[in-house]
Amino acid sequence: MLKIIYQLRPEEIEEAWISAQWRVGIFQKWNQLLLTVIALGLVFAYARKPDRFYLMMCAVPVVILLFCNSYLLRIVRRRRACRLAKKKGIYGVEIRKNGICAGKDWTFYPLKDRRWEMLNSEHVYTIKVDKEVFCIPKRVIPMEEEEALEALKKAGECRYRNIITGKEKVYGKTKYRKDGEPEVK
C-alpha cells in the first residue's frame, strides 16, 4: 500500500492531460497533415489559374483551422493547467493491491472489472480508471515505493504505455532539469 499526498505543478498537469489523451494527439497530427495538403492544393490550384479567386477564399478558412488545430488547443490546455495549479489543491492517492483511493473523501476505485490504463511519461504517472484520471508526479514517489506501482500494474488487466511527449512539454520558457525541478531561463 502506497499513500501519497502532493501538490501539482502546471507542467505536471499539462503532461498528464497530454498523456491521458494520447489518442487525440495522434488524431490531431493526422488532421494537421490533411489540412496542410488541402491548403497547399488550393494554393497551387489558384497559382495555376489566378482567375479562380474562390480557391484562395477557400484556403483562408483551411489555414485558420490549421492554426487552431496546431496552437489553440495547446494554449487552452496550458491556461487550464495554470488555472488548476493556482487553486493549489492538495491531492492524495492511496494505491492498494486491488484499487485506488483518491479524492477529498477518499473514494475507492476498484480495478477489477474496469477498463484502466497506466501511462508513464517523463515526469508523471497517469492512471486512468474508466473516465477518472489520476496524476502522480514522479518527484513525490520514493524509489523504494515504485514497486507498489509495479504491483498495481500486475494486479488487474492493465494497459501500460510509455508516453513520449513532444514539444508540448516545453512550458513557456520553463524546462525541467534532470533532478525534476524547473529550470527558468
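Computed from a predicted model, the values in this text were never measured in an experiment.
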When you group the ILVMFWY residues by side-chain heavy-atom contacts below 4.5 Å and let the links chain together, are [Y] and [X] in the same group?
X: Phe27; Y: Val37; value: no
X: Phe53; Y: Val62; value: yes
X: Ile127; Y: Val133; value: no
X: Leu73; Y: Tyr71; value: no
X: Tyr125; Y: Ile4; value: yes

Shortest non-hydrogen contact between [X] and [Y], atoms and distance:
X: Ala81; Y: Pro10; value: CB-O, 3.6 Å
X: Leu8; Y: Tyr6; value: CD2-CE1, 3.7 Å
X: Glu15; Y: His123; value: OE2-N, 2.9 Å
X: Cys135; Y: Val124; value: SG-CG1, 3.9 Å
X: Val93; Y: Ala102; value: CG2-CB, 4.4 Å
X: Ala39; Y: Val63; value: CB-CG2, 4.2 Å

Looking at side-chain heavy atoms only, is the closest gap between [X] and [Y] below 4.5 Å?
X: Leu84; Y: Trp17; answer: yes
X: Ile100; Y: Trp116; answer: no
X: Tyr46; Y: Tyr54; answer: no
X: Arg139; Y: Glu12; answer: yes
X: Thr126; Y: Glu117; answer: no
X: Tyr91; Y: Ile136; answer: no

State the [atom1]-[atom2] distance between [X] and [Y], to the nearest 0.5 angstrom.
X: Asn31; Y: Lys29; atom1: CG; atom2: NZ; answer: 12.5 Å
X: Ile18; Y: Arg74; atom1: CD1; atom2: CZ; answer: 8.0 Å
X: Asn69; Y: Ile64; atom1: CG; atom2: CD1; answer: 13.5 Å
X: Arg77; Y: Leu72; atom1: CZ; atom2: CG; answer: 11.0 Å

Taking Ser121's backbone N and O only, do any of them form a donor-acceptor pair with Lys138's side chain (distance below 3.5 Å, no angle check)? yes
I'd like to know whether CE of Met57 has more than 12 heavy-atom contacts from other residues, nucleotides or ligands below 6.0 angstrom. no
Are there more than 12 heavy atoms of other residues, nucleotides or ligands under 6.0 Å from atom CZ of Phe108?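 Check passes, neighbour count above 12.
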